[in-house]
Structure formats: structure tokens, C-alpha cells
Amino acid sequence: MKEQKVKPSILPGFMELLPKDQILFNKMMDTIRRNYEKYGFVPLDTPLIEKSEVLLAKGGGETEKQIYRFTKGDTDLSLRFDLTVPLARYVAQHFSELNFPFRRYHIGKVYRGERNQKGRFREFYQCDIDIIGNGKLSIINDAEIPSIIYSTFKDLGFEDFTIHINNRKILNGFFESVKVDKKIEVLRIIDKLEKIGYDAVIKELEEIGIEKDSIERIMEFIGIKGSNDDILLKLKELNIENEQFLLGLDELNKVVHYIRCFNVPEKNFIIDLTIARGLDYYTGTVYETILNNYPQIGSVCSGGRYDNLAEFYTDQKLPGVGISIGLTRLFYQLREAEIIGENASSTLSEVLLIPMGETLDYSIEVANSLRNEGIVCEIYYEDAKIGKKFAYADKLNIPYVILIGEDELQRKMVSLKNMSTGAQNIIEISEAAETIKNRL
RNA sequence: GUGGAUAUAGUUCAGUUGGCUAGAGCGCCAGAUUGUGGCUCUGGAGGCCGUGGGUUCGAGCCCCACUAUCCACCCCA
């Protein structure tokens, strides 16, 4: 009788990686963290689980349906579905102990119980930065955010990407000026322009009952193209007298000005009147970042300005601006597109030490010396044929092997083998360390 | 929540109009004179063919139900 085994599997929508991918993933996360810290953001970590009353304070259908919610005893618990709501709670709770503007970054997992789909996960990492002001927050912050995006994606190894920038006030003001009241619906539709195309947008606008005349003006408006200065000029020349519109245009002018001060190249950011962001809490500047060689991936980093972060937890007026990188999705899609992962290694080890015969004591001594030099190494302790030990180094892509037998022990030296060239010679430990450190 | 597909070895997939003991690649294990990996060769392990019912002399294949997974819409990172 065979024992019945439990099938090893994880829930759909949860991603776990093999070592070679996890190493890449962690490198990306380190790069993002380093960039966030470079701009003076402080780290924050909050519980994965929050009280349901806290997470659900805002109410509203879509997110609420996606929340993982359960009870333990009498406690009503929920898994966080983003990092912004916990931030709001945190800032409201510790308001008196924090210094404003509060600049924090937060890298962590969030949970959404959605129907499964390609590139969509139920558990995924978000890498957020937000700047929260007490009462007010300078528009220059809105310009610094793209600078951080630029620096980060540059460091991640991308050259050709564009940060699309828009301002909700301009959109809202414009809609008011053409007498459109279904602003949120219209925003959602024009946000889809890139995806569904010009004609489909018109069709959808007709379907929700927008006047032909208004549709024409909307399409004309979102069709405004050109350089950043061109667009700013064209917007001004629309001569719209709406207060919101003019406020938004003024903000956008300042944002563009200061982005240039931050030395973000002109080719890496563009005013794009079609991006709106679905989320209804954005009130000013909004961002989306597109990798130009892979537009099908969609936005890899998005965010914007909001008026009041923590209105459900405090009377304090806390405006903020922030962005989020969906690292899990970004990584997944980069790997799917075979942009990364080509020559990935399955280990961090730079060298494998293979002891032969009674040389373990000496081998450990060698490993100690190498590690003191900052070299990542491991020793193969198991009893096996030498061929199997070399095969281990080979399969893990460990670039060097150090072979330690009786001969090496006697001479207090090591045999260093370069696994890609096959070259091998007996040298001093210090010389081996130098060789390994100097590779590439 | 709505719509559409799929389910065979660890994995990716074959499997003819229903017919003998269900196959292949990759991976895994072992070997090809025991101080040398990749390449090659030889051998081996590994399957309730998603689950339950039905049709049939006979079902991996046909029918029904269930379950699971995937894809798209909605929404989002």
C-alpha cells in the first residue's frame, strides 16, 4: 500500500520563485530601496494584518470585495490590500510623533482576492514612496517624484522609458467647461485610449450619454500632442476660464519646470492628457511610467497627488503625493518578455570549496580567509565522487572551484579552477582571493 | 461578478475512426579504469490518464456532473 501524499502546491495567484529568479528579484528590490533611501525617505513596516474596521473605514465597493477578511476569535481581521491605507492609519495614529513633511518608503506584500489573470497576483510586492505634508505640501514634491522614478528605473537598467504626467484638475476643469458631469466615468474611458483606441473611446462616451458636441471637444482635447512646451502652450491657448483648469495648468507648469531642475532628461517625461488613473482619490498630478520597448506591459509605476490622506482617521488635513512600483508584476512581465533572466545564476556563491581526503580542517580555514576578504563561498561537505561535486558547482553556475587535497594541504596552498575557462593552478590562498575578487 | 478554454510522469507535451503492457523531450538517479563539471553513450526510477457516474464486449479518447487550473472582461500594481 502506497501512502497517500498531499500534492505540494500553492494557491493560484501567489508567486514563488526558484533561486535564480529570487536572486534577480531581490537585486531589483535592493535597487529600488537604495534609490528611495537616496532621496531621504525613511523605511516603514506595518503589519500585514490590520483591524477590518481600519481597512474598511473608507468603504466603497471595488476594493472591499477584494479584501481577504476573516475572524480569529472575536477579532475581525483583514489583510492589507495596499500600502497607502496602512500609511494613512500610521500617520494619523503617530501624528504627534512624526516630523512633517513625512517622507517614507514602504516595500511589502499586499493582498487582493481577485479572479486570477495573467500578470495579476493575489499576493504581490508594492514598493511605495509617499510624501505627506501637514496642512499643505509644496508642488515641488510633485516634481521630485518623477526624478525618483527616473533614477530608479535607470538603476534597474532601463534606458528607454517615459514618465507620463497629467493633472486631474486640468481634466476636471476641462470637463466642467464642456458641461460634462459624469467626470469619473469619462476619466475611466479616456484612460483606456491607449488600450482600446480612438474610435472605441468615442463609442463608449456615446454609450454613457455624453453629448456629441462635448465628445468632439473631449477628443480634440486629449488629442493635443507635441513637446511638453507645445502642450503647455496649447492648453493655455484653449483660453478656458475655469478655476480648476487654470489651477491645474499652473501646477503642471511648475511641475515641468522643477522636473527639469532635477535633470530628468526631456525624453523621459511627457505631459499626457489621456492618463487619468482610475483611482478616485487622486486630485492633482498623476503619473504613469511606460517602458517604451514594451508598451504591452502597461504602466510599471504609477501614482499621484491626493488632498487628504487620512480623512477617515483624523481631522488633520494631510495632503500627499506618492507612487507605487508593482514589483511582483514588473518582475513577472520582464521575465515573461525574456528581458531578464537570461544568464541568471542559481547561487550567490563565487567559489565552491571541494575538500578531498582528510582536509576538512584546512578547507574551513581557507573558507574563513576568503569570507574575511568578503568573498561569498561554500564548502561541499557531503561524501561523494569528485565528479558529482564539480557537477554541483557547474549546475549552480558557481564561477570558481577551489580544490583542496593532501597536496594542497601540505603546501598550504589551494588549487583554483576557473569553471568557464577550465584553467586551474595551485596558488596561495591570498592570490586565489585576489583572482576571485578581480573577476570581470 | 460575466464570458471562454483546458485537465495524461517532477516538468513540457504526444497518444490515430474507442482496441493488446499509455509514450517522447527535458529533469532526476546510477554507470562508461575511484584528483575534475559542461558534450556523448548505456541503464534505471517515476502515471488512480483531475474526481465521480454513464454508453460500450472494451474508454486516456465518446456523454453528463463536479472540482481544479488557465485566459479575457470589470478593476487594478
Listed nucleotide nearest any side-chain atom of A/Gln424, set B/rA30, B/rG35, B/rG37: B/rG35

Once you round it to whole Å, what is the distance between P of B/rC75 and CG of A/Asp82? 18 Å

Confirm from the modelled atom types if A/Lys417 and B/rG37 form a donor-acceptor pair under 3.5 Å, side chain to base only. yes

Separation of A/Asp130 atom CG from B/rA77 atom C1', in whole Å? 14 Å

Do NZ/NE/NH1/NH2 and the carboxylate oxygens of A/Glu251 and A/Arg305 come within less than 4.0 Å? no

Are any of A/Arg188's side-chain N or O atoms less than 4.0 Å away from OP1 or OP2 of B/rC76? yes

salt_bridge(A/Arg103, A/Glu37) N-O dist < 4.0 Å: no

Over how many whole Å does the gap from A/Gln66 atom CD to B/rC76 atom C1' extend? 7 Å

Would you indicate what A/Leu403 reaches in the nucleic acid, counting non-hydrogen atoms under 4.0 angstrom: base, sugar-phosphate, or nothing? base

Just to be sure I understand: a Watson-Crick pair is purine N1 to pyrimidine N3 plus N6-O4 or O6-N4, both under 3.5 Å. Using that and G-U wobbles, which stems of three or more pairs involve RNA chain B? B:1-7 with B:67-73, B:10-13 with B:23-26, B:28-32 with B:40-44, B:50-54 with B:62-66

Which nucleotide, B/rG35, B/rG37, B/rC28, lies nearest any side-chain atom of A/Ser415? B/rG35

Separation of A/Asp407 atom CG from B/rU36 atom C1', in whole Å? 15 Å

Please figure out whether A/Asp394 or A/Pro12 has its closest RNA chain B nucleotide nearer the 5' end. A/Asp394

If I take atom CD in residue A/Glu336 and atom P in nucleotide B/rC70, what distance separates them, rounded to the nearest angstrom? 13 Å

Would you please confirm or rule out a distance under 4.0 Å between OP1 or OP2 of B/rG35 and any side-chain N or O of A/Lys385? no

Counting any heavy atom closer than 4.0 Å, what does A/Ser420 reach on the DNA or RNA strands: base, sugar-phosphate only, or nothing? base

In this structure, how many angstroms lie between the P atom of B/rG37 and the CD1 atom of A/Ile398, rounded? 16 Å

Length of the NZ-C1' vector between A/Lys395 and B/rC26, whole Å: 13 Å

May I ask you to say whether A/Lys51 pairs ionically with A/Asp76, meaning some side-chain N is under 4.0 Å from a carboxylate O? no

Is the shortest heavy-atom distance from the side chain of A/Ser78 to the side chain of A/Tyr68 under 4.5 Å? no

Is it the case that the ring center of A/Phe331 lies less than 6.0 angstrom away from the ring center of A/Phe25? yes

A/Ile190 side chain near A/Ile218 side chain, heavy-atom distance below 4.5 Å: yes

So if I take residues 104-125 of chain A and measure heavy-atom distances to RNA chain B, which residues fall below 4.0 Å? A/Arg112, A/Glu114, A/Arg115, A/Asn116, A/Gln117, A/Lys118, A/Arg120, A/Phe121, A/Phe124

